[in-house]
Amino acid sequence: MGNVATRKRPGCHHTARSDENEEEEDGPARKRLRIAENHTENEYQKLAFKSRLQKLKNCRPHLKRRTYKVEEADPRPPLPRFIVDDYDNYEKRWFYSFLSNKNNEISAETANRKEFAIPWFEHLFLPEFPTRSVINEKSFILERQLGRGSFGVVYCANAIHDSERKFAIKMQEKREIISKRAVLQVKREASIQRLLPAHPFIARTYSTWQTRTHLYSLLQYPTGSTGDLFSIWRQRGSLSEAAIRLIGAELASAIDFLHRNDVIYRDVKLENVVLDQWGHALLIDFGLAKKLKQGCSTGTICGTLQYMSPDVASGHTYSHYVDWWSLGVLLHILLTGIYPYPNSEATHHANLKFIDYSTPIGCSREFANLMDRMLAVSQTHRLCSFTVLHAHPFFRSINFSKLEQKDYTPASEIGNAEYDTYQQNDETLDDALFKENYDFDRFDYFNDRF
Ligand SMILES: Nc1ncnc2c1ncn2[C@@H]1O[C@H](COP(=O)(O)OP(=O)(O)OP(=O)(O)O)[C@@H](O)[C@H]1O
(Lines give C-alpha, C1' and ligand atoms only; values in the text may rest on other atoms or scores of the structure.)
Protein backbone atom coordinates (compact mmCIF):
# COMPACT_ATOMS: atom_id res chain seq x y z
CA MET A 1 0.00 0.00 0.00
CA GLY A 2 2.72 2.43 1.05
CA ASN A 3 4.50 1.98 -2.27
CA VAL A 4 1.41 2.61 -4.27
CA ALA A 5 0.45 5.74 -2.35
CA THR A 6 3.81 7.40 -2.73
CA ARG A 7 4.30 6.59 -6.41
CA LYS A 8 4.20 9.67 -8.61
CA ARG A 9 2.24 9.55 -11.82
CA PRO A 10 2.70 12.17 -14.56
CA GLY A 11 -0.20 14.57 -14.85
CA CYS A 12 -1.76 13.62 -11.56
CA HIS A 13 -2.87 16.06 -8.89
CA HIS A 14 0.10 15.34 -6.67
CA THR A 15 2.53 16.34 -9.43
CA ALA A 16 0.62 19.56 -10.19
CA ARG A 17 0.88 20.66 -6.60
CA SER A 18 4.62 20.13 -6.49
CA ASP A 19 4.89 22.24 -9.69
CA GLU A 20 3.09 25.10 -7.96
CA ASN A 21 5.62 24.99 -5.16
CA GLU A 22 8.46 25.12 -7.63
CA GLU A 23 6.88 28.07 -9.52
CA GLU A 24 8.19 30.64 -7.11
CA GLU A 25 11.73 29.45 -7.62
CA ASP A 26 11.70 28.89 -11.41
CA GLY A 27 9.42 31.65 -12.75
CA PRO A 28 6.39 31.60 -15.16
CA ALA A 29 8.29 30.70 -18.39
CA ARG A 30 9.46 27.47 -16.91
CA LYS A 31 5.97 26.75 -15.67
CA ARG A 32 4.51 27.04 -19.21
CA LEU A 33 7.12 24.67 -20.51
CA ARG A 34 6.22 22.15 -17.82
CA ILE A 35 2.51 22.33 -18.70
CA ALA A 36 3.25 21.74 -22.37
CA GLU A 37 5.38 18.74 -21.43
CA ASN A 38 2.62 17.36 -19.23
CA HIS A 39 0.07 17.81 -21.99
CA THR A 40 2.19 15.86 -24.47
CA GLU A 41 2.76 13.18 -21.89
CA ASN A 42 -1.01 12.82 -21.29
CA GLU A 43 -1.72 12.58 -24.99
CA TYR A 44 0.93 9.97 -25.34
CA GLN A 45 -0.55 7.98 -22.45
CA LYS A 46 -4.01 8.11 -23.96
CA LEU A 47 -2.71 6.78 -27.25
CA ALA A 48 -0.74 4.06 -25.52
CA PHE A 49 -3.80 3.01 -23.54
CA LYS A 50 -5.97 2.87 -26.67
CA SER A 51 -3.47 0.78 -28.53
CA ARG A 52 -3.11 -1.61 -25.55
CA LEU A 53 -6.89 -1.95 -25.37
CA GLN A 54 -7.05 -2.73 -29.06
CA LYS A 55 -4.33 -5.33 -28.67
CA LEU A 56 -6.17 -6.85 -25.75
CA LYS A 57 -9.37 -7.08 -27.74
CA ASN A 58 -7.58 -8.65 -30.67
CA CYS A 59 -5.83 -11.34 -28.71
CA ARG A 60 -8.82 -12.18 -26.35
CA PRO A 61 -11.85 -12.21 -28.61
CA HIS A 62 -13.78 -14.49 -26.26
CA LEU A 63 -14.16 -11.55 -23.85
CA LYS A 64 -16.41 -9.81 -26.31
CA ARG A 65 -18.35 -12.98 -27.14
CA ARG A 66 -18.99 -13.73 -23.51
CA THR A 67 -20.60 -10.35 -22.93
CA TYR A 68 -22.79 -10.84 -25.95
CA LYS A 69 -24.00 -14.19 -24.66
CA VAL A 70 -25.03 -12.75 -21.33
CA GLU A 71 -27.00 -10.02 -23.05
CA GLU A 72 -28.70 -12.43 -25.40
CA ALA A 73 -29.39 -15.21 -22.88
CA ASP A 74 -33.03 -16.29 -22.61
CA PRO A 75 -34.01 -16.71 -18.92
CA ARG A 76 -36.50 -19.47 -19.79
CA PRO A 77 -35.29 -23.04 -20.29
CA PRO A 78 -35.12 -23.94 -23.97
CA LEU A 79 -38.02 -25.90 -25.37
CA PRO A 80 -37.31 -29.59 -24.85
CA ARG A 81 -37.74 -31.91 -27.74
CA PHE A 82 -39.28 -35.31 -27.85
CA ILE A 83 -36.78 -37.74 -29.28
CA VAL A 84 -38.31 -40.72 -30.93
CA ASP A 85 -35.45 -43.13 -30.30
CA ASP A 86 -33.53 -43.65 -27.05
CA TYR A 87 -36.45 -42.09 -25.17
CA ASP A 88 -35.74 -43.13 -21.58
CA ASN A 89 -32.13 -42.25 -21.63
CA TYR A 90 -32.79 -38.90 -23.23
CA GLU A 91 -35.57 -38.07 -20.81
CA LYS A 92 -33.50 -38.77 -17.73
CA ARG A 93 -30.61 -36.69 -19.00
CA TRP A 94 -32.83 -33.86 -20.11
CA PHE A 95 -34.46 -33.68 -16.70
CA TYR A 96 -31.10 -33.72 -14.97
CA SER A 97 -29.74 -31.05 -17.26
CA PHE A 98 -32.87 -28.97 -16.76
CA LEU A 99 -32.18 -28.80 -13.03
CA SER A 100 -28.50 -28.11 -13.45
CA ASN A 101 -28.93 -25.65 -16.37
CA LYS A 102 -26.90 -27.65 -18.83
CA ASN A 103 -29.51 -27.47 -21.53
CA ASN A 104 -27.15 -26.56 -24.34
CA GLU A 105 -25.44 -29.93 -24.25
CA ILE A 106 -28.64 -31.76 -24.98
CA SER A 107 -29.80 -29.35 -27.69
CA ALA A 108 -26.49 -29.61 -29.51
CA GLU A 109 -26.42 -33.35 -29.25
CA THR A 110 -29.92 -33.82 -30.57
CA ALA A 111 -29.81 -31.13 -33.25
CA ASN A 112 -29.60 -33.62 -36.10
CA ARG A 113 -32.35 -35.96 -34.96
CA LYS A 114 -35.95 -36.30 -36.00
CA GLU A 115 -37.87 -34.29 -33.42
CA PHE A 116 -40.89 -32.18 -32.60
CA ALA A 117 -41.49 -29.74 -29.79
CA ILE A 118 -43.52 -30.45 -26.61
CA PRO A 119 -43.77 -27.94 -23.75
CA TRP A 120 -41.26 -28.83 -21.07
CA PHE A 121 -43.84 -29.07 -18.28
CA GLU A 122 -45.62 -31.78 -20.24
CA HIS A 123 -42.52 -33.53 -21.43
CA LEU A 124 -41.27 -33.80 -17.87
CA PHE A 125 -44.04 -36.25 -16.95
CA LEU A 126 -43.95 -38.41 -20.08
CA PRO A 127 -44.42 -41.28 -20.70
CA GLU A 128 -46.07 -42.18 -17.36
CA PHE A 129 -48.65 -39.40 -17.75
CA PRO A 130 -49.69 -39.17 -21.42
CA THR A 131 -50.93 -35.84 -22.76
CA ARG A 132 -53.56 -37.26 -25.08
CA SER A 133 -55.57 -39.86 -23.24
CA VAL A 134 -58.90 -41.33 -24.28
CA ILE A 135 -59.88 -41.38 -20.61
CA ASN A 136 -59.53 -37.91 -19.16
CA GLU A 137 -61.00 -35.60 -16.52
CA LYS A 138 -64.00 -34.88 -18.79
CA SER A 139 -65.08 -38.52 -18.53
CA PHE A 140 -66.00 -38.14 -14.83
CA ILE A 141 -68.14 -36.15 -12.45
CA LEU A 142 -66.38 -35.39 -9.20
CA GLU A 143 -68.58 -36.31 -6.26
CA ARG A 144 -66.69 -35.50 -3.09
CA GLN A 145 -63.21 -35.21 -1.63
CA LEU A 146 -61.77 -38.40 -0.15
CA GLY A 147 -58.52 -37.08 1.18
CA ARG A 148 -55.57 -34.84 0.64
CA GLY A 149 -52.01 -35.84 -0.23
CA SER A 150 -48.72 -33.97 -0.45
CA PHE A 151 -49.31 -32.65 -3.97
CA GLY A 152 -53.05 -32.54 -4.36
CA VAL A 153 -56.46 -33.96 -3.65
CA VAL A 154 -58.14 -37.36 -4.09
CA TYR A 155 -61.79 -37.29 -5.20
CA CYS A 156 -64.49 -39.88 -5.46
CA ALA A 157 -65.86 -39.69 -9.01
CA ASN A 158 -68.60 -41.23 -11.15
CA ALA A 159 -68.02 -42.23 -14.75
CA ILE A 160 -70.20 -39.98 -16.96
CA HIS A 161 -71.55 -42.88 -18.98
CA ASP A 162 -71.99 -45.25 -16.05
CA SER A 163 -73.06 -43.45 -12.91
CA GLU A 164 -73.02 -46.72 -10.95
CA ARG A 165 -69.26 -47.07 -11.26
CA LYS A 166 -67.21 -45.15 -8.77
CA PHE A 167 -63.50 -44.36 -8.97
CA ALA A 168 -60.95 -42.47 -6.95
CA ILE A 169 -59.24 -39.72 -8.93
CA LYS A 170 -55.98 -38.38 -7.63
CA MET A 171 -55.30 -34.89 -8.92
CA GLN A 172 -51.81 -33.57 -8.29
CA GLU A 173 -50.45 -30.11 -8.99
CA LYS A 174 -47.45 -30.08 -11.32
CA ARG A 175 -46.18 -26.84 -9.81
CA GLU A 176 -46.04 -28.39 -6.32
CA ILE A 177 -44.32 -31.52 -7.61
CA ILE A 178 -41.67 -29.57 -9.50
CA SER A 179 -41.03 -27.16 -6.64
CA LYS A 180 -40.58 -30.06 -4.22
CA ARG A 181 -38.34 -31.83 -6.73
CA ALA A 182 -40.48 -34.93 -6.63
CA VAL A 183 -40.95 -35.48 -10.38
CA LEU A 184 -39.18 -38.82 -10.46
CA GLN A 185 -40.98 -39.96 -7.32
CA VAL A 186 -44.38 -39.29 -8.86
CA LYS A 187 -43.40 -40.94 -12.14
CA ARG A 188 -42.02 -43.94 -10.31
CA GLU A 189 -45.21 -44.29 -8.28
CA ALA A 190 -47.32 -44.24 -11.45
CA SER A 191 -45.16 -46.70 -13.34
CA ILE A 192 -44.99 -49.19 -10.44
CA GLN A 193 -48.74 -49.06 -9.87
CA ARG A 194 -49.56 -49.41 -13.55
CA LEU A 195 -47.19 -52.31 -14.13
CA LEU A 196 -48.31 -54.32 -11.10
CA PRO A 197 -50.63 -57.22 -11.87
CA ALA A 198 -54.02 -57.10 -10.16
CA HIS A 199 -54.24 -58.16 -6.53
CA PRO A 200 -57.43 -58.19 -4.40
CA PHE A 201 -55.87 -56.05 -1.66
CA ILE A 202 -53.94 -53.49 -3.70
CA ALA A 203 -55.69 -50.48 -5.26
CA ARG A 204 -55.41 -50.69 -9.04
CA THR A 205 -54.40 -47.77 -11.21
CA TYR A 206 -56.53 -47.90 -14.36
CA SER A 207 -55.18 -44.87 -16.14
CA THR A 208 -52.96 -41.81 -15.81
CA TRP A 209 -52.87 -38.61 -17.85
CA GLN A 210 -51.87 -34.98 -17.60
CA THR A 211 -53.17 -31.53 -18.45
CA ARG A 212 -51.03 -28.40 -18.57
CA THR A 213 -51.28 -27.88 -14.83
CA HIS A 214 -52.24 -31.22 -13.26
CA LEU A 215 -51.46 -34.93 -13.20
CA TYR A 216 -54.37 -37.35 -12.88
CA SER A 217 -54.48 -40.99 -11.73
CA LEU A 218 -57.63 -43.03 -12.03
CA LEU A 219 -57.63 -45.44 -9.09
CA GLN A 220 -59.74 -48.30 -7.85
CA TYR A 221 -62.30 -47.12 -5.31
CA PRO A 222 -63.29 -49.67 -2.68
CA THR A 223 -67.02 -50.33 -3.01
CA GLY A 224 -68.97 -48.49 -0.32
CA SER A 225 -65.69 -47.35 1.22
CA THR A 226 -65.79 -46.58 4.91
CA GLY A 227 -62.58 -44.53 4.76
CA ASP A 228 -58.99 -45.23 5.63
CA LEU A 229 -57.97 -47.42 8.54
CA PHE A 230 -56.74 -44.47 10.54
CA SER A 231 -60.15 -42.71 10.46
CA ILE A 232 -61.90 -45.98 11.27
CA TRP A 233 -59.58 -46.65 14.17
CA ARG A 234 -60.11 -43.08 15.41
CA GLN A 235 -63.91 -43.37 15.22
CA ARG A 236 -64.26 -46.86 16.66
CA GLY A 237 -61.17 -47.29 18.81
CA SER A 238 -59.32 -50.60 19.06
CA LEU A 239 -60.36 -53.43 16.78
CA SER A 240 -61.05 -56.99 17.88
CA GLU A 241 -58.31 -59.58 17.47
CA ALA A 242 -60.49 -61.41 14.93
CA ALA A 243 -60.75 -58.25 12.77
CA ILE A 244 -57.02 -57.58 13.16
CA ARG A 245 -56.29 -61.15 12.12
CA LEU A 246 -58.25 -60.75 8.86
CA ILE A 247 -57.01 -57.25 8.02
CA GLY A 248 -53.44 -58.25 9.00
CA ALA A 249 -53.62 -61.34 6.79
CA GLU A 250 -54.94 -59.32 3.84
CA LEU A 251 -52.18 -56.76 4.20
CA ALA A 252 -49.57 -59.51 4.59
CA SER A 253 -50.84 -61.10 1.38
CA ALA A 254 -50.57 -57.72 -0.42
CA ILE A 255 -47.06 -57.05 0.92
CA ASP A 256 -45.88 -60.53 -0.04
CA PHE A 257 -47.32 -60.02 -3.52
CA LEU A 258 -45.36 -56.77 -3.89
CA HIS A 259 -42.14 -58.41 -2.73
CA ARG A 260 -42.64 -61.30 -5.15
CA ASN A 261 -43.02 -58.68 -7.89
CA ASP A 262 -39.72 -57.06 -6.85
CA VAL A 263 -41.29 -54.02 -5.21
CA ILE A 264 -40.47 -52.71 -1.73
CA TYR A 265 -43.38 -50.61 -0.39
CA ARG A 266 -41.77 -48.71 2.55
CA ASP A 267 -44.86 -46.89 3.80
CA VAL A 268 -47.18 -49.38 5.53
CA LYS A 269 -49.35 -47.31 7.91
CA LEU A 270 -52.99 -46.87 8.91
CA GLU A 271 -53.53 -43.93 6.53
CA ASN A 272 -52.46 -45.97 3.52
CA VAL A 273 -55.08 -48.69 3.94
CA VAL A 274 -58.69 -48.09 2.88
CA LEU A 275 -61.54 -50.50 3.64
CA ASP A 276 -64.54 -51.39 1.49
CA GLN A 277 -68.05 -51.99 2.87
CA TRP A 278 -67.16 -55.60 3.78
CA GLY A 279 -64.05 -54.47 5.61
CA HIS A 280 -61.58 -55.76 2.99
CA ALA A 281 -58.32 -53.86 2.96
CA LEU A 282 -56.92 -52.04 -0.05
CA LEU A 283 -53.35 -50.76 -0.01
CA ILE A 284 -53.02 -47.27 -1.60
CA ASP A 285 -50.26 -44.69 -2.09
CA PHE A 286 -47.13 -46.07 -3.71
CA GLY A 287 -45.27 -42.79 -3.24
CA LEU A 288 -42.29 -44.41 -1.52
CA ALA A 289 -42.37 -47.76 -3.32
CA LYS A 290 -39.36 -48.82 -5.30
CA LYS A 291 -38.51 -51.57 -7.74
CA LEU A 292 -36.04 -53.77 -5.85
CA LYS A 293 -35.14 -57.32 -6.83
CA GLN A 294 -35.40 -59.88 -4.05
CA GLY A 295 -32.09 -60.31 -2.29
CA CYS A 296 -30.96 -56.79 -3.25
CA SER A 297 -30.81 -53.91 -0.82
CA THR A 298 -31.26 -50.15 -0.85
CA GLY A 299 -30.26 -47.34 1.52
CA THR A 300 -32.55 -44.28 1.34
CA ILE A 301 -33.93 -43.25 4.71
CA CYS A 302 -37.62 -42.79 4.03
CA GLY A 303 -41.01 -43.78 5.40
CA THR A 304 -43.14 -42.52 8.27
CA LEU A 305 -41.08 -42.07 11.41
CA GLN A 306 -43.27 -44.00 13.84
CA TYR A 307 -43.43 -46.98 11.48
CA MET A 308 -39.74 -46.88 10.52
CA SER A 309 -37.73 -49.98 11.28
CA PRO A 310 -34.39 -49.71 13.09
CA ASP A 311 -32.65 -50.82 9.89
CA VAL A 312 -33.95 -47.82 7.91
CA ALA A 313 -33.40 -45.37 10.78
CA SER A 314 -29.80 -46.51 11.27
CA GLY A 315 -28.90 -45.38 7.75
CA HIS A 316 -27.55 -48.77 6.76
CA THR A 317 -28.76 -50.64 3.73
CA TYR A 318 -31.95 -52.66 4.09
CA SER A 319 -34.22 -54.87 2.06
CA HIS A 320 -37.89 -55.89 1.68
CA TYR A 321 -38.13 -57.15 5.28
CA VAL A 322 -38.59 -53.56 6.60
CA ASP A 323 -42.22 -53.72 5.42
CA TRP A 324 -42.90 -56.52 7.96
CA TRP A 325 -41.72 -54.28 10.78
CA SER A 326 -44.14 -51.51 9.71
CA LEU A 327 -46.97 -54.04 9.50
CA GLY A 328 -46.11 -55.09 13.08
CA VAL A 329 -46.39 -51.45 14.23
CA LEU A 330 -49.75 -51.10 12.44
CA LEU A 331 -51.19 -54.24 14.08
CA HIS A 332 -49.88 -53.14 17.48
CA ILE A 333 -51.65 -49.77 17.11
CA LEU A 334 -54.89 -51.40 15.95
CA LEU A 335 -55.10 -53.46 19.12
CA THR A 336 -53.51 -51.39 21.84
CA GLY A 337 -53.89 -47.83 20.52
CA ILE A 338 -50.25 -47.06 21.31
CA TYR A 339 -46.94 -47.15 19.49
CA PRO A 340 -44.78 -50.11 20.47
CA TYR A 341 -41.73 -47.86 21.00
CA PRO A 342 -41.74 -44.39 22.62
CA ASN A 343 -41.40 -42.46 19.36
CA SER A 344 -44.57 -40.40 19.15
CA GLU A 345 -42.60 -37.15 19.61
CA ALA A 346 -39.76 -38.02 17.23
CA THR A 347 -39.14 -35.52 14.46
CA HIS A 348 -35.96 -36.99 13.00
CA HIS A 349 -34.92 -40.53 12.27
CA ALA A 350 -31.82 -40.07 14.44
CA ASN A 351 -34.10 -39.50 17.48
CA LEU A 352 -36.01 -42.75 17.10
CA LYS A 353 -35.63 -44.99 20.14
CA PHE A 354 -35.93 -48.74 19.99
CA ILE A 355 -35.94 -49.39 23.72
CA ASP A 356 -38.60 -49.88 26.40
CA TYR A 357 -40.74 -52.24 24.38
CA SER A 358 -43.20 -54.23 26.42
CA THR A 359 -45.33 -57.11 25.21
CA PRO A 360 -49.02 -56.08 24.96
CA ILE A 361 -51.04 -57.32 27.91
CA GLY A 362 -54.71 -58.29 27.93
CA CYS A 363 -54.50 -59.94 24.51
CA SER A 364 -54.12 -63.55 23.39
CA ARG A 365 -50.74 -65.28 23.80
CA GLU A 366 -50.57 -65.73 20.03
CA PHE A 367 -50.99 -62.02 19.34
CA ALA A 368 -48.50 -61.08 22.07
CA ASN A 369 -45.97 -63.51 20.58
CA LEU A 370 -46.59 -62.21 17.06
CA MET A 371 -45.85 -58.65 18.26
CA ASP A 372 -42.69 -59.78 20.07
CA ARG A 373 -41.48 -61.44 16.88
CA MET A 374 -42.43 -58.71 14.39
CA LEU A 375 -41.07 -55.90 16.57
CA ALA A 376 -37.83 -57.50 17.74
CA VAL A 377 -34.96 -55.05 17.25
CA SER A 378 -32.50 -57.86 16.60
CA GLN A 379 -32.92 -59.11 13.06
CA THR A 380 -32.05 -62.66 14.04
CA HIS A 381 -35.11 -62.83 16.29
CA ARG A 382 -37.40 -60.80 14.06
CA LEU A 383 -40.15 -62.19 11.88
CA CYS A 384 -38.94 -61.08 8.46
CA SER A 385 -40.83 -63.13 5.87
CA PHE A 386 -44.29 -64.08 4.73
CA THR A 387 -43.50 -67.79 5.09
CA VAL A 388 -42.87 -67.39 8.82
CA LEU A 389 -45.84 -65.05 9.31
CA HIS A 390 -48.16 -67.37 7.41
CA ALA A 391 -47.18 -70.25 9.72
CA HIS A 392 -47.49 -68.20 12.92
CA PRO A 393 -50.14 -69.50 15.41
CA PHE A 394 -51.98 -66.14 15.26
CA PHE A 395 -52.75 -66.70 11.54
CA ARG A 396 -53.11 -70.49 11.76
CA SER A 397 -56.89 -70.36 11.37
CA ILE A 398 -56.63 -68.39 8.11
CA ASN A 399 -56.75 -70.11 4.76
CA PHE A 400 -54.84 -67.68 2.57
CA SER A 401 -56.32 -68.95 -0.72
CA LYS A 402 -59.81 -68.39 0.64
CA LEU A 403 -58.72 -65.04 2.00
CA GLU A 404 -57.63 -63.94 -1.49
CA GLN A 405 -61.02 -65.06 -2.82
CA LYS A 406 -62.54 -62.68 -0.23
CA ASP A 407 -64.35 -65.53 1.52
CA TYR A 408 -63.99 -63.85 4.90
CA THR A 409 -65.74 -60.61 5.87
CA PRO A 410 -63.67 -58.55 8.31
CA ALA A 411 -66.50 -55.95 8.62
CA SER A 412 -68.50 -58.31 10.81
CA GLU A 413 -65.58 -58.38 13.26
CA ILE A 414 -64.78 -54.66 13.26
CA GLY A 415 -66.16 -52.86 16.25
CA ASN A 416 -66.34 -55.92 18.51
CA ALA A 417 -63.24 -54.94 20.43
CA GLU A 418 -62.67 -56.61 23.78
CA TYR A 419 -59.34 -54.94 24.41
CA ASP A 420 -59.22 -52.18 27.02
CA THR A 421 -57.21 -49.31 25.50
CA TYR A 422 -56.62 -47.77 28.91
CA GLN A 423 -54.54 -50.67 30.14
CA GLN A 424 -51.44 -48.95 28.80
CA ASN A 425 -51.84 -45.20 28.76
CA ASP A 426 -48.40 -43.86 28.01
CA GLU A 427 -47.67 -43.03 24.37
CA THR A 428 -51.39 -43.06 23.58
CA LEU A 429 -51.97 -42.12 19.98
CA ASP A 430 -52.95 -38.60 19.25
CA ASP A 431 -53.66 -37.76 15.64
CA ALA A 432 -51.91 -34.43 16.04
CA LEU A 433 -48.77 -36.43 16.67
CA PHE A 434 -49.04 -38.41 13.48
CA LYS A 435 -46.19 -37.31 11.34
CA GLU A 436 -46.09 -36.68 7.64
CA ASN A 437 -44.25 -39.03 5.36
CA TYR A 438 -40.62 -38.81 6.07
CA ASP A 439 -38.36 -38.69 3.11
CA PHE A 440 -34.86 -37.88 4.19
CA ASP A 441 -33.22 -37.78 0.83
CA ARG A 442 -35.48 -36.94 -2.09
CA PHE A 443 -32.51 -35.86 -4.20
CA ASP A 444 -31.19 -39.37 -4.25
CA TYR A 445 -33.72 -40.14 -6.98
CA PHE A 446 -31.06 -39.10 -9.41
CA ASN A 447 -28.65 -41.71 -8.14
CA ASP A 448 -31.40 -44.26 -8.18
CA ARG A 449 -30.79 -45.02 -4.55
CA PHE A 450 -34.36 -44.30 -3.63
N1 LIG B 1 -58.10 -45.46 -4.08
C2 LIG B 1 -58.57 -44.76 -3.05
N3 LIG B 1 -59.77 -45.03 -2.55
C4 LIG B 1 -60.28 -44.32 -1.50
N5 LIG B 1 -59.63 -43.32 -0.89
C6 LIG B 1 -58.41 -43.00 -1.34
C7 LIG B 1 -57.83 -43.70 -2.45
N8 LIG B 1 -56.61 -43.18 -2.68
C9 LIG B 1 -56.45 -42.21 -1.77
N10 LIG B 1 -57.51 -42.08 -0.97
C11 LIG B 1 -57.69 -41.12 0.15
O12 LIG B 1 -56.91 -39.96 -0.13
C13 LIG B 1 -55.90 -39.77 0.87
C14 LIG B 1 -54.62 -39.27 0.22
O15 LIG B 1 -54.24 -40.20 -0.76
P16 LIG B 1 -52.74 -40.62 -1.01
O17 LIG B 1 -52.12 -40.96 0.31
O18 LIG B 1 -52.67 -41.65 -2.07
O19 LIG B 1 -52.19 -39.27 -1.58
P20 LIG B 1 -50.67 -38.87 -1.73
O21 LIG B 1 -50.62 -37.60 -2.53
O22 LIG B 1 -49.92 -40.01 -2.27
O23 LIG B 1 -50.34 -38.57 -0.24
P24 LIG B 1 -49.02 -38.75 0.59
O25 LIG B 1 -48.73 -37.38 1.04
O26 LIG B 1 -49.43 -39.68 1.72
O27 LIG B 1 -48.00 -39.35 -0.32
C28 LIG B 1 -55.76 -41.13 1.55
O29 LIG B 1 -55.35 -40.99 2.89
C30 LIG B 1 -57.16 -41.72 1.44
O31 LIG B 1 -57.96 -41.28 2.49
Side-chain angles (χ1 to χ4, degrees), residues 125 128-129 140 142-159 165-194 196 198-208 210 214-235 250-251 254 258 263 265-290 300 302-308 326 330 333 431 434-440 442 445 450:
F125 298 97
E128 288 81 0
F129 293 88
F140 302 92
L142 300 186
E143 203 181 71
R144 68 197 155 89
Q145 188 174 318
L146 292 171
R148 192 163 260 287
S150 320
F151 310 117
V153 186
V154 183
Y155 294 98
C156 176
N158 287 320
R165 286 208 69 181
K166 286 196 193 310
F167 297 91
I169 294 189
K170 189 162 169 174
M171 194 172 142
Q172 296 173 303
E173 259 190 82
K174 282 186 186 178
R175 204 179 41 186
E176 277 289 295
I177 295 168
I178 295 171
S179 70
K180 290 185 181 158
R181 308 188 83 180
V183 175
L184 292 188
Q185 179 195 354
V186 169
K187 291 177 77 169
R188 185 173 283 173
E189 175 178 6
S191 70
I192 289 179
Q193 265 185 300
R194 286 200 70 173
L196 267 180
H199 186 273
F201 308 123
I202 296 175
R204 294 203 64 189
T205 301
Y206 300 114
S207 181
T208 49
Q210 59 170 307
H214 287 86
L215 302 181
Y216 291 86
S217 305
L218 184 67
L219 308 168
Q220 180 181 355
Y221 177 73
T223 321
S225 173
T226 43
D228 65 61
L229 209 46
F230 177 67
S231 334
I232 292 169
W233 173 86
R234 209 169 41 173
Q235 283 162 16
E250 292 186 349
L251 291 177
L258 292 178
V263 171
Y265 180 74
R266 300 195 287 193
D267 204 16
V268 177
K269 59 176 176 180
L270 292 175
E271 294 90 328
N272 285 345
V273 180
V274 283
L275 299 188
D276 66 13
Q277 64 188 30
W278 301 281
H280 294 300
L282 211 56
L283 202 56
I284 56 166
D285 190 2
F286 280 64
L288 298 183
K290 180 191 175 161
T300 309
C302 63
T304 300
L305 282 172
Q306 285 72 21
Y307 292 81
M308 195 179 275
S326 308
L330 181 147
I333 294 170
D431 48 335
F434 265 76
K435 300 297 181 297
E436 290 298 304
N437 274 5
Y438 187 74
D439 177 359
F440 183 66
R442 274 192 199 277
Y445 299 133
F450 188 73

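Ligands are counted one by one from 1 in listed order, and the atoms in each one are counted from 1 as well.
For the pair D285 and ligand 1, the shortest N or O to N or O distance falls below 3.5 Å. Residue K269 has no nitrogen or oxygen atom sitting less than 3.5 Å from a nitrogen or oxygen atom of ligand 1, judged on distance alone. Looking at ligand 1, you'll find an N or O of K170 within less than 3.5 Å of one of its N or O atoms. Checking only distances, S225 never comes within under 3.5 Å of ligand 1, N or O to N or O. Considering both main-chain and side-chain atoms, D228 comes within under 3.5 Å of ligand 1 through a nitrogen or oxygen pair.
Residue E271 has at least one heavy-atom neighbour below 4.0 Å for each of these atoms of ligand 1: 29 (O). Short contacts between ligand 1 and G149, defined as distances under 4.0 Å to a heavy atom of the residue, involve ligand atoms 19 (O), 20 (P), 21 (O), 23 (O), 25 (O).
No side-chain donor-acceptor contact under 3.5 Å links D267 to the backbone of N272. A donor-acceptor contact shorter than 3.5 Å links the side chain of Q185 to the backbone of G287. Looking at R204, its side chain never comes within 3.5 Å of a backbone N or O of A198 through a donor-acceptor pair. A distance-only check finds a donor-acceptor pair linking the side chain of Q210 to the backbone of F129 [under 3.5 Å].
For R194, the side-chain hydrogen bond (donor to acceptor under 3.5 Å, both in side chains) partners at least two apart in sequence or on another chain are T208. Here R148 pairs with nothing under the side-chain hydrogen bond (donor to acceptor under 3.5 Å, both in side chains) rule; sequence neighbours left out.
Closest heavy-atom approach to atom 2 (C) of ligand 1 among the candidates S217, S231, A168: A168. Taking all heavy atoms of A203, S150, G227 into account, the minimum distance to atom 25 (O) of ligand 1 is reached by S150.
In this structure, H280 and W278 have tilted ring planes: the angle between them lies in the 30° to 60° band.
The shortest heavy-atom distance from P222 to ligand 1 is under 4.0 Å. Ligand 1 lies out of reach of G287, whose nearest heavy atom is not under 4.0 Å from it.
With rounding to the nearest 0.5 angstrom, the CZ atom of F125 is 4.5 Å from the CD1 atom of I178.
Proximity of L146 to ligand 1, defined as any heavy-atom pair under 4.0 Å, is shared by backbone and side chain alike.
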